[in-house]
Amino acid sequence: MSPTYARADVESDRVVTALSGEGWVLEGPHRHERTVLDTFDGRLHRAGLRLEHRAGRGRSALVLQADDGGPPAVLVVESVPRWPHELPSGPFRTRIATVTDDRALLPVLSVRSTLRNLTRLDARAVPLVDVEVHDGLSVDGQEDGPPVPWLAEIVARPGHDGAAEQAAALLEGMDLRCLGADVMTVLAGTVGASLHGHDTTPRVELEASEEALVGYRRVLRNLAGTIEATIPGVLTDVDAEFLHDLRVAVRRTRSVLAEGKAVLPPAVRAPFRDLFRRLGHTTGPARDLDVYLLGWGRYTAPVSDATPAALDRVRAELEVRRQEAHEALTTILRSPHTREGLDEWRRWLEGPDTPTGGPLLGPVVTERIAHAQRTVLTDGRAIGPDSPAEHLHELRKEAKRLRYLLECFASLFPSKAHRAFVAQLKELQDNLGEHQDAEVHLAYLRELAQDLHHRANVDTDTLLAMGRLTHHIDRRRRQERRAFVERFAGYDTKGNAKSLRRLLEAGAG
Amino acid sequence: MQALATYSVKGGVGKTTTAVNLAFEAGRTGVRVLVWDLDPQGAATFLLRARPKLRGGSRKLVGRKGALEPHIRSTDLDGVHVVPADLSLRHLDLHLQRAQHPSRALRDLLAPVHDRYDLVMLDCPPSISLASESVIATVDGLLVPVVPAPLASRTLAQVARLLRDQSDPPSLLPILSMVERRRKVHRELVEELTAAWPQLLPTSVPSAAVVERMGIDRSPVGAIAPRSEVALAYRTLWTDVAHTLWPAG
């Protein structure tokens with residue numbers, strides 16, 4: 001960690017003069033800009049990586065630093081990339097791409113300053129340590145600027161820990177205050193920005209013995225925060241995961257509302273269930289097409305050798321439809337009806353938690369989870385070889401509802417047992433999800449083939465390729481369908497039932 | 001982490017020049033590089049402006065887990081760290097002999113820093129010794145600079161023979177170094193070597209006065225004269241090498 005120092009009532013020149021007087025080599029001043037880049041959900045931060053774009057003295061470079069003692073990797077770039085694939089191939093790109101996956105890189109915190117760099121050299125001109133003095137600090141999006149006039153950061157060099165310690169002693173000798181972290185972390189703290197990204201997993205501290213309404217509202221507030229944070233990314237189509245996160249937050253909200261009959265006031269629950277049902281349905285077509293296009297390579301790999309070009313037409317058509325679906329979605333998200341509905345929802349969530357003498361959270365949540373589990377087991381056991389696909393889809397929705405309840409109220413339960421049960425449920429969901437995706441893709445392909453044929457707008461090769469692709473997806477669908485029997489049996493076990501019973505006993509309080 | 005070594009049984013062929021310039025080029029393309037100077041003369045240490053000091057000497061380095069890390073030093077080059085050399089490395093063979101698995105000794109020393117670097121570049125002294133066997137057992141590629149000279153092919157053949165004795169040998173990556181295109185004899189020898197050694201990397205490094213300035217400025221040619229012919233050659237050479245290391249990257 002590079003510690004940062006400051007003192008409000010002292011000019012930065014005093015530091016520069018003092019270090020120069022000790023023989024440190026001064027470079028600058030020059031204008032300098034640093035921008036921390038990360039995905040919306042802070043994947044690089046979670047992986048222990050810091051990616052910064054630094055510009056100054058005619059150079060524009062990306063700096064990737066891990067907290068492992070290795071050197072910062074530096075890559076000169078002409079512009080700030082939105083996607084790792086915009087970077088040249090090699091380890092730098094790979095290290096970022098393997099962490100960010102399908103998420104875009106976004107500016108998290110952008111800082112401008114006038115930088116003076118001081119380097120201490122030994123007798124052989126070997127550099128031992130640097131102190132960077134940042135003056136005239138300004139943070140993008142903050143009109144007033146940070147509440148510190150300047151900052152000095154010690155940049156240690158490997159193998160010269162003693163020199164870094166001596167630099168710290170020098171600065172402390174000038175009565176500068178050590179702020180601990182590096183300049184960007186310090187500034188993020190002073191302007192209330194987060195370098196951690198938005199955590200879309202609902203993490204809400206709950207007590208089984210608190211009133212259920214209070215706990216429900218806290219969970220719903222957390223979910224509303226995710227909904228509000230993801231909508232701008234959906235509107236500007238930054239990356240497909242914004243829509244995914246929005247959709248999951250809406251579904252979680254719907255699940256909590258659905259299971260809140262005994263808790264939430266009917267005058268609140270009914271209209272907002274309606275609002276979120278509509279929102280949920282609105283996001284469906286665009287997300288289905290996102291999934292199709294994101295997985296295009298995987299879906300078409302088994303047939304692409306024979307028909308690479310013929311499927312280009314299909315992909316282009318899907319992209320057009322995706323664009324249309326996104327435009328329809330953004331129209332609805334921007335509509336006064338949706339905006340006012342979400343504003344009203346926020347107002348209710350921010351209202352006072354007045355005690356109503358209602359039921360306690362632990363018993364209510366565990367009862368609803370037990371009920372959701374019973375529904376999953378009843379529906380799943382009723383599915384036979386001839387059951388229509390809709391039954392599996394319904395089971396998938398019930399399993400999701402159960403999962404969302406477990407996740408939204410996770411802090412009520414012992415974490416290890418909770419994780420183990422959710423992992424079992426996820427196994428079942430993966431199978432149901434793959435099956436449903438195949439169903440949706442087949443329906444799209446059939447509909448698309450009919451449409452293209454109807455418009456007399458398709459060549460034979462494309463139709464044949466679509467036929468081959470349909471055959472392949474149908475085979476995958478049937479495989480998943482066959483696998484369901486075993487997957488459900490693996491979930492519907494006495495051991496699993498016992499685990500859930502114990503989990504719920506612990507969560508009831 | 002990928003590992004390369006600049007190696008030759010012959011001295012004065014440009015091993016250190018290659019190691020330092022390729023490390024510079026790798027560093028400026030976002031690669032995290034550790035240059036490990038194994039030559040007691042410490043030329044790479046000097047060029048990278050590090051102090052030529054291995055605290056405790058090479059005796060304390062070999063066979064001790066985690067012993068490499070305290071010797072790692074930063075450099076002025078983007079993304080490049082160095083393990084400096086000092087004269088104690090002249091006894092490296094002796095210390096390796098005492099190690100339990102001499103051929104694995106260098107690889108074991110690198111293991112704890114494996115995730116911190118994308119590339120380690122070992123700069124070797126000109127010899128055939130236990131240390132060079134340990135280097136060969138450690139690296140993925142052996143960069144062998146060859147100067148167009150009548151004995152160049154023989155030198156390469158010696159290295160190739162050395163590699164043939166290994167169970168999992170590194171790739172042999174010969175580099176034409178100090179080429180003077182104006183000289184007919186060089187042009188002819190380059191042609192001969194290219195025909196005899198298909199492994200030769202496509203980019204050759206020309207002989208240039210700017211290389212001598214490296215020792216004065218203690219900087220790679222890419223920093224001293226970034227637009228010079230030799231700097232461009234190292235840039236292209238690094239691209240060739242990077243493609244062999246990360247072909248799908």
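Lettering of chains follows the sequences in order, A, B, ..., and the numbering in each one begins at 1.
Heavy-atom proximity under 4.5 angstrom to chain B picks out A:Pro71, A:Pro72, A:Ala73, A:Val74, A:Leu75, A:Val76 from residues 71-81 of chain A. Contacts with chain A (heavy atom to heavy atom, under 4.5 Å) involve these residues of residues 69-76 of chain B, listed by number: B:Ile72, B:Arg73, B:Ser74, B:Thr75, B:Asp76.
Within 6.0 Å of CD on B:Glu229 lie no more than 12 heavy atoms contributed by other residues, nucleotides or ligands. By the neighbour-count criterion of 12 heavy atoms within 6.0 Å, atom CZ of A:Arg315 is densely surrounded, having more than that number from other residues, nucleotides or ligands. The environment of B:Gln2 atom CD is dense: over 12 non-hydrogen atoms of other residues, nucleotides or ligands sit within 6.0 angstrom. Counting non-hydrogen atoms of other residues, nucleotides and ligands closer than 6.0 Å to CZ of B:Arg55 gives a total of 12 or fewer.
For a residue to count as touching a neighbouring chain, one of its non-hydrogen atoms must lie under 4.5 Å from one of that chain's; by this rule B:Arg51 touches chain A with backbone and side chain alike. With a 4.5 Å cut-off on non-hydrogen atoms, B:Ala242 does not touch chain A at all. Residue A:Asp122 touches chain B through its side chain alone, counting heavy-atom pairs closer than 4.5 Å.
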Give every donor-acceptor pair under 3.5 Å between a side-chain atom in residues 125-133 of chain A and any protein atom, sequence neighbours left out.
| residue | atom | partner | partner atom | Å |
| --- | --- | --- | --- | --- |
| A:Asp130 | OD1 | A:Asn117 | ND2 | 3.3 |
| A:Asp130 | OD1 | A:Thr119 | OG1 | 2.7 |
| A:Asp130 | OD2 | A:Arg157 | NE | 2.8 |
| A:Asp130 | OD2 | A:Arg157 | NH2 | 3.2 |

Ignoring hydrogens and angles, write down the donor-acceptor pairs under 3.5 Å from the side chains of residues 103-112 of chain B, residues two or more places apart or on other chains.
| residue | atom | partner | partner atom | Å |
| --- | --- | --- | --- | --- |
| B:Arg107 | NH1 | B:Ala137 | O | 3.4 |

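Interatomic distance, B:Arg32 CZ to A:Arg95 CZ, rounded to the nearest 0.5 Å: 3.0 Å.
Applying side-chain contact (heavy atoms from CB on, under 4.5 Å) to A:Pro91 and the options B:Val31, B:Leu245, B:Leu119 leaves one that passes, B:Val31.
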